[in-house]
Each structure stands twice: as C-alpha cells, then as structure tokens.
Amino acid sequence: MRTLTEQEIIRREALQQLRELGIDPYPAEAFEVNSSAKHIKENYTEDQKDQFQNISLAGRIMTKRVMGKASFAELKDSTGRIQLYVNRDEIAPGEDKTLYNTVFKKLLDLGDYIGVKGYVFTTKMGEITLHVRELKVLSKSLRPLPVVKKTVDPGTGKEVIHDAFSNPELRYRRRYLDLIVNDGVKETFVTRSRIITAMRRYFDDHGWLEVETPVLQSVQGGAAARPFKTHHNTLDRPYFLRIANEIYLKKLIVGGFEGVYEIGKMFRNEGMDRTHNPEYTAMEIYVAHKDYHWMMEMVESLLAYIAQEVLGTTQVPYGDHILDFQGPYPRLTIFEAIQKYGDIDVSDMDEDQLRAVCKKLHIEVDSSMGKGKLIDEIFGEVVEKNLIQPTYIIDYPIEMTPLAKKHREKEGLVERFELFVNGKEIANAYSELNDPIDQRERFEEQLRLAERGDDEAMGMDEDFLRALEYGMPPTSGLGIGIDRLTMLLTNQTSIQEVIFFPQMRDEN
RNA sequence: GAUUCCGUAGCUCAGCCGGUAGAGCACUUGACUUUUAAUCAAGGGGUCCUGGGUUCGAUUCCCAGCGGAAUCACCA
C-alpha cells in the first residue's frame, strides 16, 4: 500500500469524523438540482430576484475563504463556478453550531462535492453569490486537487494564472484533474464533440448513411501504414486492427447505398509526436455517381458549415494566422506545387532523375522507394510547409495511390486530392477506382513494392476485387482526420490536447 | 528509433561548483459576519525519479535505466 501524505491522512480522518457525526460522506440518495452556476450568473438581476429564492446547486468546492462566523466559497458545477456565502447562524440556526464550526470549516475540503440550497444575491463587491441556507455533503474527496489561482492584472486587464497545473505528463495521465482545474480544457473537448455533431448533421441532411465496418480486419488495406497485429483464438488466425475502412465502405457502395460514411478509430503502429497518436479518429465517406471535383466542392461546403456552426465564423484564428475556411480553396496539381515552391519541374522525370533531386535537397531515400514515393518526398520537403490557408493539391502519381481512378486526361496520374491546412494534410480523396482489372494490377504492383521492402504496401484483397467485378458505380471517397481538424478549430498545436486520453507509456 | 532538455513538498518552482534542502499556494492550529490569489499569527510536511560508479560523504558529479517535452525520422 502506498504511503499516504499528510494531507491525505487528514482527509481520511475528516471522513471518519463525518461518519461519527452521522453524516454519510457518500450518500446514496439523489440531491435534486434546479439551476446551474452558468444560468444564475447569466440571468440573475436584482429585479428578477424572486425567481432566485429557492436555488439548489451541486458541485465541487474550489476555494474556501473562512472569516470567522461567515465564509465564502466557490462551487464548480458542470457549467462553471459560482460563489457561495455561508453564514454560521443560518446554516446552524439552533444552539448546535457543529454544521458550520466543524463540518463546513474543518471537515470540508477543496474538491469535495456538496449540495447547497439558498437564494441568490449580489455582494458589496458586485459578485453574484448564492446565500446558502442548507448544505449537504455529497462526496468526500480524499486527495488534494492542484490549486490554481487567477488574478486580473490591473495594468493590462488580462487574467493572470498562478501556479497553473501545467505538467503535460500529469495533465494527460490524470485528464480528470486537467478538466477540473484548467479552464479551457473542457471547452476544447466540447468543441471536438460539436465538430463531429455538425459533420454528422451535414451528412445526414444530404441523406448519406452512417455505418459501422470491421475494426478487426484479415487483410491490411485501404492506406499505407504499419498495422497493429492481433490474434483470434477460436479461429486461430491473425488479424489486423484497421488502418483504414475504405475497402469495406466501397463494398457497401457496391451493395447499392448512394452514400455511406463512418466516423471511427483507426490504428497505426507508427511513431508518436504532436500530430500522431497510435489510435486516432477518422471520418470516411463514399458517395456514388460523383467524382473528385464534386468532392472538392463538398469539402469546401462541409468545412465552412462546420466552422460556422461550431465557431460562428469561417475565419479561424490559428497561431499567428487567420485560417479562412470559406471556399473555394486554391487548387494546384502536385507538379505545379513543386514547381511553384521548389522551382523544380518533376513532371517528366524518371526515377533516377528524381533520386538526383532528392539528393540535392538532402532528402533521405532508400531503394524501396518508387517514383511516386520520391515525388511525395520532394513535395513534403519543398511544398507542405507553405500551404497555410486551405489548399487542394491534386492529381497525384499513380504509383502512390493504388485505390484511385486513373486520371481522365493525364497519363501516369490519378484523380486524387489532398487538402492541406497549416502545412498539414487534413483530408484525402479520390475518384475511386472501380475498374476491377485495373485494381488487380494495382494490387499486384503493391505486392512488388512489398517484395522490394515496402512494409506499408497493401495486400491483395480478393473479396474486394470480387465486389468490384460485380460492378461499383463511379464513386468519390473522402477521408478527414478528425483530430487534426479539431486542432485547427481549437487553436491547438498538439494532438494530445484534443484526445482525452492520449497514448502514454506505463507509469513506473 | 536518434539528438537535446527536464524529473526536488499535493501543485508551480528555486537551490546545492559534493556536507541529506527552500519559497508561494495547498495543509494544521488560532483570530476574523460581504471576501474573492481574502487577511493576520504560529506550525507540520520531502525515498531531491530508480539503480550503479567516483568519494570519507551524492539530491548535486559520472554511467545506465524509467518517465515526459521539443526537434528529427516513420506516418495522418
């Protein structure tokens, strides 16, 4: 057993004393709440005080200022904080002052949950406050919370935070504490939820169907990444956690749905940094009888809608920039982009020439890389960081995109776009390849890359080919990284700030 | 996976060119019936991340490990 700290011992003793006084520190019965901190602070006025006479609130004690026979405290509920005023002779009107002198002053600590009933008033200092008449212990806290205090700088009028709970490791491991004591953390996650809600509403309003497809997959496919491997005992065979769900969603398009989408976790066995978590959330959507041009317009409309719904504007502050999600976004082919930002024309280069360019740019290459991969490397080096405002990069080399349809005009390219914002890819889309014979050849090319040492190459998926052989209508598909989109719309630079419980190594 | 930096009280941090440690808030005791980083007085609290090495002596120096952050690589 862990050794308790002094403060923890004191709190356990307080717990015991509450029980000795006949107070259950963890009562079973519900405490009825009829208002909230936010509602009171936004709606209370002197004229309306009749409506604030019988308020019942529940929440956590965040500060306590005892001044003899009267005290102030701050209560935090799910909507925010409100000040409480507690007067000895009102909560303990008889001879016995135990409820105030012992229970409130000594046995209640910062972090405890209490229920309070009373009326609202405004203090001399102008703070809207609940004048407490009744107080009930709802849940005793046995560990001290980090104490964060705030003041307003008289010079600048800006809020100054003292002793912020800022250690990233503790914040992520104990996200519940982060949410309790650090203002703004909760808002980020509320925004994340609202982004997903808005996206779902947009799709649903267009009549596209939300579906679920397997997370455990027998064939690695749909994207280029290293998978997590697992094993099914009864079947005694290996499975992969999905790195994408593209193949399954297209099978549903074959099945006759006009539009299907899925929002869910993907798993990639790659490094972790401030834009990558081993499990992350992606949205993929497939719509029949559309192409990638249509999809670009849809994405512009979708992102403007989400920004407007969630933030009330399409002009989104991010770091030093204002990102404007109002379409249309500029469109550059990958070759034009490399020409524009790198002053290099790679459009007619062969593999050896591309390798020479990489060498000149000090890009590390290895023998497993084909033409498409080399172009992607050059693009990453010279272009990506320049794409701050939403920008489409279109028409990728065929070698790096085995599931996209060949370009209708340009030899050697596919109908694909990626959307870049703030130098990062946040969406990827194709006119989907629906020619089963071409698809089989592309898979065979992937197998050759795998033999060459590419451990991210896709496997041959016979059932998918069979589905395509039955016939898939022309379809456009899109994937959006929900975590990165959330980072952009909440002005966060680390993916750990938009995932409640980011991957961490074990403690100890 | 590589490099750099970091790991000291519940939290945020200082410190020790080697002699086992401090501050603010939090906590305890007392005072205080409109405070808001409440105030005033007194007080308690530490395996200085872990393990080795050097040394009479290591929290401090060296090495290794663990955990975190940043940058890079892989990737979305």
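Chain letters run A, B, ... following the sequence lines, proteins first and then strands; every chain starts at 1. This is a predicted model, so every value here is computed, not measured.
With 3.5 Å as the limit, one finds no donor-acceptor pair spanning the side chains of A:T45 and A:Q48. Using modelled atom types and a 3.5 Å distance limit, the side chains of A:H162 and A:T151 yield a donor-acceptor pair. In this structure, a donor-acceptor pair under 3.5 Å is present between the side chains of A:Q83 and A:R65. The closest side-chain donor-acceptor pair between A:Q389 and A:H321, if any, does not fall under 3.5 angstrom.
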Report task. Encode nucleotides 25-31 of chain B as B, S and - characters from 5' to 3', where the letter depends on protein heavy atoms closer than 4.0 Å: B to the base, S only to sugar-phosphate, - to neither. Result -> SBSS-S-
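The CG-C1' distance, from A:L84 to B:rU34, rounds to 14 Å in whole Å. Atoms CD1 (A:I243) and P (B:rA76) sit 9 Å apart, rounded to a whole Å. B:rA76 atom P lies 18 Å from atom NZ of A:K265, rounded to whole Å. We find that CG of A:N167 is positioned 13 Å from C1' of B:rU8, with the value rounded to whole Å. Straight-line distance from the NZ atom of A:K150 to the C1' atom of B:rA37: 12 Å, rounded to whole Å. Regarding A:N269, its CG atom lies at a distance of 16 Å from the P atom of B:rC74, rounded to whole Å. Protein atom CG of A:L478 is 15 Å distant from nucleotide atom P of B:rA76, rounded to whole Å. To the nearest angstrom, C1' of B:rG7 lies 13 Å from CE of A:M504.
Side chain of A:N87, nearest nucleotide from B:rU35, B:rU33, B:rU12: B:rU33. When the nucleotides B:rC11, B:rG68, B:rU36 are ranked by their closest atom to the side chain of A:L170, B:rC11 comes out on top. Of all nucleotides listed (B:rU71, B:rG68, B:rU12), B:rU12 comes nearest to the side chain of A:F165. Of the listed nucleotides (B:rU34, B:rA69, B:rA38), B:rA69 has the atom at the smallest distance from the side chain of A:Y172. When distances run from any side-chain atom of A:E377 to the nucleotides B:rC74, B:rU36, B:rU33, the shortest one goes to B:rC74. Distances were taken from every side-chain heavy atom of A:M67 (C-beta onward) to each of B:rC32, B:rU36, B:rU12; the shortest belongs to B:rC32. Comparing B:rG67, B:rU34, B:rA38 by their closest approach to the side chain of A:R173 singles out B:rG67.
Annotation: side chain to side chain donor-acceptor pair (under 3.5 Å) contacts involving residues 377-387 of chain A, sequence neighbours excluded, are absent.
A donor-acceptor contact under 3.5 Å links the side chain of A:D273 to the base of B:rC74. No hydrogens or angles were tested; on distance alone, nothing pairs the side chain of A:E127 with the base of B:rU34 as donor and acceptor under 3.5 Å. Put simply, the side chain of A:T123 and the base of B:rU35 share a donor and an acceptor less than 3.5 Å apart.
Rounded to whole Å, the separation between the P atoms of B:rU47 and B:rG10 comes to 7 Å. Straight-line distance between the C1' atoms of B:rG46 and B:rU8: roughly 8 Å, to the nearest whole Å. Taking the P atoms as reference points, B:rC11 lies 27 Å from B:rA58, given to the whole Å. Comparing the C1' positions of B:rA70 and B:rU28 gives a spacing of 41 Å, expressed to the nearest Å. Atom C1' of B:rG43 sits at a distance of 33 Å from the matching atom of B:rU50, rounded to the whole Å. Going from the P atom of B:rU55 to that of B:rG65 covers 23 Å, rounded to whole Å. B:rA9 and B:rC62 have their C1' atoms separated by 28 Å, given to the nearest Å. B:rG45 and B:rU29: their C1' atoms are spaced 15 Å apart (whole Å).
Checking B:rG45 for Watson-Crick or G-U wobble geometry (two distances, each under 3.5 Å) identifies no partner in any strand. The pairing partner recorded for B:rU39 is B:rA31, the criterion being a Watson-Crick or G-U wobble arrangement whose two distances lie under 3.5 angstrom. Pairing for B:rA70 is with B:rU3, a Watson-Crick or G-U wobble pair whose two hydrogen-bonding atom distances lie under 3.5 Å. Under the Watson-Crick or G-U wobble criterion, with both distances below 3.5 Å, B:rC25 is paired with B:rG10. The partner of B:rC61, taking Watson-Crick or G-U wobble pairs whose two distances both stay under 3.5 Å, is B:rG53.
Residue A:T151 is classed as a base contact, given a heavy-atom separation below 4.0 Å to a base. As judged by a 4.0 angstrom heavy-atom cut-off over every strand, A:T275 is placed among the base-contacting residues. Note on A:R274: only backbone sugar-phosphate atoms sit closer than 4.0 angstrom, heavy atoms only; bases stay farther off. In this structure, A:A164 reaches the sugar-phosphate backbone alone: every heavy-atom distance under 4.0 Å involves primed, P, OP1 or OP2 atoms, never a base. Using a 4.0 Å heavy-atom cutoff across all strands shown, A:E425 reaches sugar-phosphate atoms only and no base atom. Among the atoms of the strands shown, only primed sugar atoms or phosphate atoms (P, OP1, OP2) are found under 4.0 Å from some heavy atom of A:K373. Across all strands, A:R226 comes closer than 4.0 Å only to sugar-phosphate atoms, never to a base (heavy-atom distances). The residue A:E418 sits apart from the nucleic acid: no heavy atom pair falls under 4.0 Å.
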Query raised in the report: Given A:R175 and A:F189, is the side chain to side chain contact (heavy atoms under 4.5 Å, CB included) satisfied, shown in steps?
Result: CA-CA 11 Å; A:R175 181 67 88 183; A:F189 288 99; 3.8 Å; yes
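When each of A:S494 and A:G271 is assigned the nucleotide of RNA chain B with its nearest heavy atom, A:S494 is the one assigned upstream, toward the 5' end. Comparing A:R174 and A:F121 by the nucleotide of RNA chain B whose heavy atom lies nearest to each, the residue mapping closer to the 5' end is A:R174.
Applying the side-chain contact (heavy atoms from CB on, under 4.5 Å) test between A:F267 and each of A:T230, A:L241, A:N277 identifies A:L241 as the sole match.
Using a 4.0 Å cut-off, no side-chain N or O of A:R171 falls inside it from OP1 or OP2 of B:rG68. For A:R505, a side-chain nitrogen or oxygen approaches OP1 or OP2 of B:rG68 to under 4.0 Å. When the side-chain nitrogen and oxygen atoms of A:R65 are compared with OP1 and OP2 of B:rU35, none of them lie within a distance under 4.0 Å.
Here A:H162 lies parallel enough and close enough to stack on the base of B:rA37, with planes under 30° and ring centres under 5.5 Å apart. Here A:Y280 counts as stacked on B:rA76: its ring centre is under 5.5 angstrom from the base ring centre and the planes meet at under 30°.
Between the OH atom in A:Y396 and the CZ atom in A:F417 there is a gap of 10.0 Å [rounded to 0.5 Å].
The shortest distance between side-chain heavy atoms of A:Q446 and A:P402 falls below 4.5 Å.
A salt bridge between A:R242 and A:E262 is present, with a side-chain N of the basic residue lying under 4.0 Å from a carboxylate O of the acidic one. For A:E159 and A:K150, the salt-bridge test passes: some basic side-chain N is under 4.0 Å from an acidic carboxylate O.
Scored by the salt bridge (Lys or Arg N to Asp or Glu O under 4.0 Å) test, A:E270 finds A:R226 as partners (sequence neighbours excluded).
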